[in-house]
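What you see is a predicted model, and the numbers here were worked out from it, not measured in a lab.
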Amino acid sequence: MENTAHQIEYRPRTGSEAMCEALLDEGVEHLFGYPGGAIMPFYDALPEYPLRHVLVRHEQAAAHAADGYARATGRVGVCVATSGPGATNLVTGLATAQMDSVPVVAITGQVGRGAMGKDSFQETNVMGMAMPFTKHCFLVEEPEELYETIRRAFAIARSGRPGPVLVDVPKDVQLATCGGGNWYRRLREAPPPITEPALEAAALLLRNARRPIILAGHGVILSGAERELMLLAERTGAPVVTTLLGISAIPEDHPLYIGWPGMHGAASVNRAIDRADLLFAVGMRFDDRITGDPKRFAPNAKVVHVDIDPSEMGKVIRPTVGITADAKLALRGVLSHLREIPDERFRERARWREEIEESQRPERAREEEASEKFGPIRILRAIKRAAGEEVRLVTDVGQHQMWAARFFEFTRHNSHITSGGLGTMGFALPAAMGVALGCPGEPVWVVAGDGGFQMNLQELATIRDLGLDIKVAIMNNGYLGMVRQWQEFFHDRRYSETPITGPDYEHLARAYGIAGRTVREGDDVEEAVRWAQEQEGCVVLDFHIDPEANVYPMIPAGMSVAEMIEEDDAS
């Protein structure tokens, strides 16, 4: 390797010390993990270094916490586990990060080199298992390669389209003394140049469109392109929608923001996309939950697609203009080529926005009516008022996730954190630990269903030990709610294995040494939420909501806007 930067001072050290040195040089402050036999040498070295380790209660939670930390801070999250079951327990969290383009480095112990391939105690083929769910995997078989490999793992995790990287380290490599190696700092690679003709073509399409829509995804947040997104919207007068993971890329109280589309997105937004003549999609991958039947998605629109991953171009929707680039650089390039919009176009776009606004009025009236009753909308609004504009909301997966995305007004950058692509139940509570540690002093709320919450509720002990000020709202309907809803509509209400019981969450919270409270219809929702916000430390609120409350609208899988089920249709 060419020495392109200054050499780090070298001294003889063990592989475990080299691992800690690499983490320090990457600026790591927190790591989440669980010790075991094959990773024990690393844990033996760890106390000598200023690295704050968080002992989770399950390795999957370590991966989710590292994921939440990365999403909230923009830095690489780190998780650690031992071999065998420790490593296998990380996989769901790594797949979650991979689907949502989150930079995570996972370090796993492995049995010693002499025991590998012999079905030794707690040996698993971690490389073979994790490779489909990561950007890259390393098995480090020489101690001299450890420092450089971990540094390289961080570079891969954060470069291009971010994602998780796994480093598997045999126990004897951690114990061995390092000889001389390539102890050099790595320079970050410059992004590839953007072709000017593509930028010009995209700008021309934006200038000429009569009914444009800007569709912003998670890539806008990952690249820090929120300002450029807002400038593009305001200069063109184009309404903005976001994907589920793109929520909070633009403040939801901005006059040009109209909501998010897809299977459970607003009906008015889905219909607007259906009528648009230009879809400017940036930092998103045309997930099937957005498009439905891709052959009938945005049938009247030309498409500009901006994404850093070239494999996404044409994978689902064939773009009129494709730009493979970082979102911020691409938006700046388009803005530089965007000539003044003719007055007539601005007037047409104003009428276009008025049409959308008119279609949203029935939805908003229905929302206001529902917010007066005991239920999800009222609960979410109470949380927003009590926690304030700075709140970061971490949601689990299910009906509550869709309600939060629709009805919790996200006005702060990067304030909505959820599992999108994989849809991982049990994500929210451990992810919130990472958010709270990465953003100390900021209000953090978890919204979860009673099903998903039970998957990682053991992390209440970790939260208690850390003294984290995380508030939890459980939307408790006694069902696996989203599955039950689908059974209602498509399986003649055959509720097969969707009713689910759980503990008394108020007493469970007390058993963990934290405050808890049960809230039922007739109770004062706003007072309960204010009480929780005023308590020190973690609080669990158990909201007993309507067991058969549904999420509307709903587009059946593989269908289009034409088959959308709305609340009026179901009543």
Given 3.5 Å as the limit, does a donor-acceptor pair link the side chain of [X] with the main chain of [Y], or not?
{"X": "N270", "Y": "G262", "value": "yes"}
{"X": "D100", "Y": "S419", "value": "no"}
{"X": "D67", "Y": "A63", "value": "no"}
{"X": "N414", "Y": "R71", "value": "yes"}
{"X": "S248", "Y": "S415", "value": "yes"}
{"X": "K135", "Y": "Q98", "value": "no"}
{"X": "T73", "Y": "R75", "value": "yes"}

[X] and [Y]: which non-hydrogen atoms are nearest, and at how many Å?
{"X": "I39", "Y": "G109", "result": "CD1-N, 3.6 Å"}
{"X": "G420", "Y": "L244", "result": "CA-CD2, 4.3 Å"}
{"X": "T243", "Y": "G217", "result": "OG1-CA, 3.4 Å"}
{"X": "G322", "Y": "A198", "result": "O-CB, 4.2 Å"}
{"X": "F42", "Y": "C20", "result": "CE1-SG, 3.8 Å"}
{"X": "A431", "Y": "V394", "result": "CB-CG1, 4.1 Å"}

So do the side chains of [X] and [Y] get within less than 4.5 Å of each other, counting heavy atoms only?
{"X": "K384", "Y": "V391", "answer": "yes"}
{"X": "L206", "Y": "V334", "answer": "yes"}
{"X": "L24", "Y": "V28", "answer": "no"}
{"X": "L90", "Y": "F133", "answer": "no"}
{"X": "F427", "Y": "T96", "answer": "yes"}
{"X": "L541", "Y": "W445", "answer": "yes"}
{"X": "L468", "Y": "M433", "answer": "yes"}
{"X": "E390", "Y": "P443", "answer": "yes"}

[X] side chain to [Y] side chain, donor-acceptor N/O pair below 3.5 angstrom:
{"X": "D396", "Y": "Q401", "value": "no"}
{"X": "H64", "Y": "E459", "value": "no"}
{"X": "Y43", "Y": "S16", "value": "no"}
{"X": "H254", "Y": "E234", "value": "yes"}
{"X": "D168", "Y": "T108", "value": "yes"}
{"X": "Y147", "Y": "D25", "value": "yes"}

**Check against side chain to side chain contact (heavy atoms under 4.5 Å, CB included), L23 and M19** = CA-CA 6 Å; L23 293 175; M19 294 162 71; 5.6 Å; no
**Request:** Check each of E536, Q535, R464 against I514 using the side-chain contact (heavy atoms from CB on, under 4.5 Å) test, and report the only one that passes.
**Result:** R464
Got a second to check how far [X]'s [atom1] is from [Y]'s [atom2], nearest 0.5 Å?
{"X": "I323", "Y": "I308", "atom1": "CD1", "atom2": "CD1", "value": "13.0 Å"}
{"X": "L232", "Y": "E228", "atom1": "CG", "atom2": "CD", "value": "10.0 Å"}
{"X": "H53", "Y": "L46", "atom1": "NE2", "atom2": "CG", "value": "6.5 Å"}
{"X": "H413", "Y": "E226", "atom1": "NE2", "atom2": "CD", "value": "4.5 Å"}
{"X": "I463", "Y": "R57", "atom1": "CD1", "atom2": "CZ", "value": "10.0 Å"}
{"X": "L279", "Y": "L205", "atom1": "CG", "atom2": "CG", "value": "11.5 Å"}

**Message:** Assess the residue pair V78 and V104 against the criterion (side chain to side chain contact (heavy atoms under 4.5 Å, CB included)); give the C-alpha distance rounded to whole Å, side-chain angles, the decisive distance to 0.1 Å, and a yes or no.
**Reply:** CA-CA 6 Å; V78 181; V104 169; over 6 Å; no
**Request:** Please report the C-alpha distance between Y69 and H30 in whole Å, then the side-chain angles of each, then the deciding distance to 0.1 Å, and finally whether the ring-ring contact (aromatic ring centres under 6.0 Å, His included) criterion is met.
**Result:** CA-CA 9 Å; Y69 180 90; H30 296 89; 5.7 Å; yes
**Message:** Let's go through L231 and L335 carefully: what are the C-alpha distance in whole Å and the side-chain angles of both, what is the deciding distance for side chain to side chain contact (heavy atoms under 4.5 Å, CB included) to 0.1 Å, and is it a yes or a no?
**Reply:** CA-CA 8 Å; L231 283 173; L335 283 163; 4.1 Å; yes
Looking at [Y] and [X], is there a salt bridge between them, counting it only when a charged N and a carboxylate O are closer than 4.0 Å?
{"X": "E312", "Y": "K315", "value": "yes"}
{"X": "R52", "Y": "E29", "value": "no"}
{"X": "R158", "Y": "E26", "value": "yes"}

**Request:** Any chance you could lay out the salt bridge (charged side-chain N to carboxylate O under 4.0 Å, His left out) test for R392 and E442, step after step, and finish with the verdict?
**Result:** CA-CA 8 Å; R392 292 184 191 259; E442 298 181 6; 2.7 Å; yes
**Request:** Measure centre to centre between the rings of F286 and H305, then say whether the value is under 6.0 Å.
**Result:** yes
**Prompt:** Can you tell me if CZ on R227 sees more than 12 non-hydrogen neighbours from other groups inside 6.0 Å?
**Reply:** no
**Message:** Checking K328 against D326 for the salt bridge (charged side-chain N to carboxylate O under 4.0 Å, His left out) test, could you report, in this order, the C-alpha distance in whole Å, the side-chain angles of both residues, the deciding distance, and whether it holds?
**Reply:** CA-CA 6 Å; K328 177 180 279 192; D326 171 82; over 6 Å; no
**Asked** Are V444 and K471 close enough, and set up right, to give a side chain to side chain contact (heavy atoms under 4.5 Å, CB included), and what steps lead you there?
**Response** CA-CA 6 Å; V444 177; K471 316 303 183 186; over 6 Å; no
**Prompt:** Aromatic rings F410 and F408: how do their planes relate, parallel, tilted or perpendicular, breaks at 30° and 60°?
**Reply:** tilted
